[in-house]
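Below: the structure, in structure tokens.
Remember, it's a predicted structure, so these values are computed and weren't measured experimentally. Labels below follow one simple rule: chain letters A, B, ... track the order of the sequence lines, proteins then strands, and each chain is numbered from 1.
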Number of protein chains: 2
Amino acid sequence: MAGKPTINDIARLAGVSKATVSRVLNHKPDVDPTTRDRVMRIVEEQSFVPSITATGLAGGQSHLIGALVPSFTWPFISDIMRGVAEVVGLTSYELVLYSINDRVRENDKSDILDHILATKLTSGLLAIIPGQSSKYVTRLHKYGLPAVIIDDQDLPGDIPWVGTDHQHGSYLATRHLIELGHRRIAHVQGPLKYLCSHERYQGYCQALEEAGLPLDPQLVFEGDFMQPTGRAAGNYFFSLPPEQRPTAIFAAADLMAYGIMAVAEERGLQIPQDVALIGFDGLDSSAHVRPALTTVQQPFYEMGRQATELLLSMLDKPRFSLRSSDAHLSQPSGIGRNGEQRQEPIRIHLATNLIIRESCGSPRRVPFSLPE
Amino acid sequence: MAGKPTINDIARLAGVSKATVSRVLNHKPDVDPTTRDRVMRIVEEQSFVPSITATGLAGGQSHLIGALVPSFTWPFISDIMRGVAEVVGLTSYELVLYSINDRVRENDKSDILDHILATKLTSGLLAIIPGQSSKYVTRLHKYGLPAVIIDDQDLPGDIPWVGTDHQHGSYLATRHLIELGHRRIAHVQGPLKYLCSHERYQGYCQALEEAGLPLDPQLVFEGDFMQPTGRAAGNYFFSLPPEQRPTAIFAAADLMAYGIMAVAEERGLQIPQDVALIGFDGLDSSAHVRPALTTVQQPFYEMGRQATELLLSMLDKPRFSLRSSDAHLSQPSGIGRNGEQRQEPIRIHLATNLIIRESCGSPRRVPFSLPE
DNA sequence: CTGTTAGCGCATTCAA
DNA sequence: TTGAATGCGCTAACAG
């Protein structure tokens with residue numbers, strides 16, 4: 001019995017058939033308690049763990065879930081994966097990592113999904129896949145592979161989705177600047193090919209509108225979430241004639257805010273005295289830059305958790321129960337544990353958290369009160 | 001034939017037995033070229049991909065490799081995983097992620113390894129596991145699961161290892177400071193429970209000694225790689241009487257260097273004018289802090305690649321060949337493709353790269369020449 | 001060179 | 001409540 005004990009060994013040692021061992025292992029109801037105990041004792045003694053491979057083959061359920069991640073270039077992928085791993089660790093599932101190479105062409109993404117579908121290794125998929133590519137995931141879902149999209153996507157598709165409430169987060173950030181007394185607030189957008197960029201922009205607009213402030217197109221700049229476009233935005237805004245210059249900037253990504261900070265320093269502008277700044281994402285490093293950056297924190301870890309729980313519940317494992325959560329379900333109606341009668345796709349929007357630090361400063365001028 | 005075609009379908013369509021299909025798929029030599037072509041055509045037509053699960057079960061080789069990662073809290077895990085994923089993507093293997101929860105107690109790490117061993121899901125393991133815990137990995141290796149340790153470890157064990165040449169990297173950094181004219185160079189160590197902390201310290205000592213500079217214990221401070229201990233070190237060094245104060249600091253981690261920068265700023269000290277600073281790790285963010293941080297860049301991505309290639313070669317897949325590399329193999333003798341006659345464990349030390357930026361400044365005083 | 005026969009380790013019938 | 005048989009999709013040993 002060197003190596004790994006098999007179900008046969010356990011059956012022999014316990015004096016029962018392997019069928020019975022299997023029954024015990026799978027918590028079948030119809031097992032004599034005495035027999036069950038005897039089997040369990042041997043199982044523990046031998047620290048027997050059934051082979052996932054064989055279980056998968058025989059049962060048709062692989063007990064593996066896949067995670068499709070866009071390489072690891074984005075810092076928050078780590079946080080999402082922490083959440084995913086945590087939840088998966090609580091179950092008998094294992095996690096298979098599919099990563100999209102950075103240098104991959106758009107078509108290849110489709111190939112990867114084909115591959116995932118073709119190998120049928122995993123019985124469910126968590127997809128962190130930005131922008132347009134998410135449409136490929138929809139196809140998976142059609143072919144019967146349960147999938148959950150995390151955060152980003154093209155259009156609200158017909159596939160379960162867990163992500164951030166981008167609009168509300170942006171609304172909070174912009175509103176905070178307004179409450180501090182700012183009236184000329186600029187916004188650096190993310191790339192407009194991403195839905196979330198629009199959503200964040202909407203939040204910005206919403207706050208302005210609510211406060212009765214005009215939306216000045218001159219104060220809106222399209223970036224790409226990365227530092228260099230932050231610099232570009234900074235240079236643009238800071239070159240505006242003084243009276244048209246924004247007194248505050250809301251950047252749709254912390255990295256872009258860093259770029260603005262760099263430009264400000266180069267030009268001798270003080271943050272927050274000369275211009276207030278708020279970012280979006282809540283990267284760890286934002287607490288460490290100087291001045292520390294006020295930012296809208298996305299609940300990445302929680303996103304990973306919830307998405308995994310959702311997927312697991314779709315896989316319909318009775319031993320796993322979806323925890324009550326603080327999520328805002330956009331469709332509060334019954335989740336329909338069994339996929340059959342799911343009428344509308346589940347979409348979970350997680351709340352953001354505005355972390356107020358130095359970069360947005362204290363109230364300036366007379367803070368005017370907002371409409372309730 | 002809805003769903004996924006099986007090897008039976010292919011066999012029928014091609015008019016051969018499944019054994020033959022299997023032979024073709026596995027590139028067996030003894031197959032009639034005509035037959036091979038015919039089978040391949042059907043395989044492509046049906047875009048048939050054999051089930052990894054079944055292949056594993058039948059062949060005893062799971063075609064899965066595991067990656068054990070210490071949660072994702074360390075920023076460079078991402079880079080390592082990028083390298084790993086890249087190489088795995090080139091093969092027919094898939095990657096299973098085992099992550100060690102942060103909150104896990106030391107014993108639980110052993111449990112995870114037991115779990116990995118017990119489930120026998122993967123046929124090889126890549127372990128990124130800091131410090132003491134690596135001893136558990138050694139056991140895996142004993143039980144016949146090929147494993148490669150990435151970077152950190154307790155003692156030079158008897159297990160294949162791929163990591164950074166910490167000592168030489170530190171040597172380069174310290175030497176650079178010496179060449180810039182510094183004579184009082186402080187060092188902030190990593191936690192001494194990690195071997196690499198000692199190695200980095202040794203590199204520091206080596207450079208001092210080579211330059212005939214005294215090793216002043218007062219200028220050595222034990223940190224823990226994190227920012228707060230960097231602050232502590234900064235406060236300590238900057239409180240020293242002026243003539244005992246270091247003119248340069250070599251921190252064994254970028255994060256600790258950040259802490260020093262923060263303290264310097266608080267005290268009105270200029271970097272690099274008042275004190276030069278070099279970090280270790282080469283985090284992306286180090287290029288973006290102000291002043292930009294000179295640092296010893298660890299080849300994380302390359303580490304991931306090489307470790308994976310090494311593991312794959314141990315798994316002895318003929319279709320995969322270990323690329324020639326720029327690594328310094330500590331044991332240049334034949335690697336012994338087949339595990340049998342491996343006399344000594346393979347240890348690959350990858351070279352670091354000193355990235356010179358603003359934080360260490362230009363030469364001060366009269367740069368004195370070093371012994372060749 | 002190729003087909004046939006056995007399993008790999010387990011879950012799931014079907015009888016008993 | 002349990003045991004015996006059958007098969008998941010594939011590889012491997014054996015013949016032919």
Side-chain angles (χ1 to χ4, degrees), chain A residues 1 3-40 42-43 46 48-64 92 94 118-123 317-319, chain B residues 1 3-40 42-43 46 48-64 92 94 118-123 317-319:
Chain A
M1 198 141 355
K4 187 184 183 324
T6 75
I7 201 175
N8 282 297
D9 302 323
I10 304 302
R12 193 171 337 106
L13 289 170
V16 295
S17 70
K18 3 182 222 176
T20 301
V21 176
S22 174
R23 282 190 263 264
V24 171
L25 257 27
N26 292 299
H27 306 92
K28 301 287 183 192
D30 301 336
V31 184
D32 181 284
T34 318
T35 314
R36 165 188 300 280
D37 289 350
R38 186 153 33 93
V39 171
M40 284 308 279
I42 306 289
V43 165
Q46 304 288 321
F48 169 73
V49 181
S51 150
I52 302 195
T53 317
T55 316
L57 227 208
Q61 262 271 353
S62 75
H63 277 232
L64 294 174
S92 57
E94 303 286 356
T119 53
K120 280 234 166 148
L121 213 210
T122 61
S123 45
K317 297 307 295 178
R319 108 185 59 167
Chain B
M1 200 142 350
K4 188 185 182 325
T6 76
I7 201 175
N8 282 298
D9 301 323
I10 304 301
R12 191 172 341 105
L13 290 170
V16 295
S17 70
K18 7 182 216 176
T20 301
V21 176
S22 174
R23 281 189 264 264
V24 171
L25 258 27
N26 292 301
H27 305 93
K28 302 286 184 192
D30 302 336
V31 184
D32 181 283
T34 318
T35 315
R36 166 187 300 280
D37 288 352
R38 186 153 32 93
V39 172
M40 284 308 279
I42 307 289
V43 166
Q46 304 289 321
F48 168 72
V49 180
S51 150
I52 303 197
T53 316
T55 315
L57 227 207
Q61 262 270 354
S62 75
H63 278 231
L64 294 174
S92 57
E94 303 286 356
T119 54
K120 279 237 166 146
L121 212 211
T122 62
S123 46
K317 297 308 295 180
R319 112 184 55 168

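The gap from the C1' atom of D:dT6 to that of C:dT5 amounts to 16 Å, rounded to the nearest Å.
For the pair A:Leu25 and A:Ser22, the minimum side-chain heavy-atom distance is 4.5 Å or more.
The separation between A:Ile10 atom CD1 and C:dC10 atom P is 9 Å, rounded to whole Å. If you take CG of A:Asp30 and C1' of C:dT12, they are 14 Å apart, rounded to a whole angstrom.
When the side-chain nitrogen and oxygen atoms of B:Thr35 are compared with OP1 and OP2 of C:dT2, one or more of them lie within a distance under 4.0 Å.
Scanning for side chain to side chain donor-acceptor pair (under 3.5 Å) contacts around A:Thr55 gives an empty result, with sequence neighbours left out. The side chain to side chain donor-acceptor pair (under 3.5 Å) check on B:Ser62 picks up B:Ser123, with sequence neighbours excluded. With sequence neighbours excluded, no residue forms a side chain to side chain donor-acceptor pair (under 3.5 Å) with B:Thr35. Listed by chain and number, the residues in a side chain to side chain donor-acceptor pair (under 3.5 Å) with A:Asp32 are A:Thr34 (sequence neighbours excluded).
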Both atom distances under 3.5 Å, Watson-Crick or G-U wobble: I'd like the secondary structure of DNA chain D as a dot-bracket string, with | for pairs made across strands.
|||||||||||.||||

When you check every protein heavy atom under 4.0 Å of nucleotides 8-16 of chain D, what one-letter string (B, S, -) results, 5' to 3'?
BBBSBB---

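When each of B:Ile7, B:Val49, B:Ile10 is paired with B:Val43, the side chain to side chain contact (heavy atoms under 4.5 Å, CB included) condition holds for B:Ile10 and for no other.
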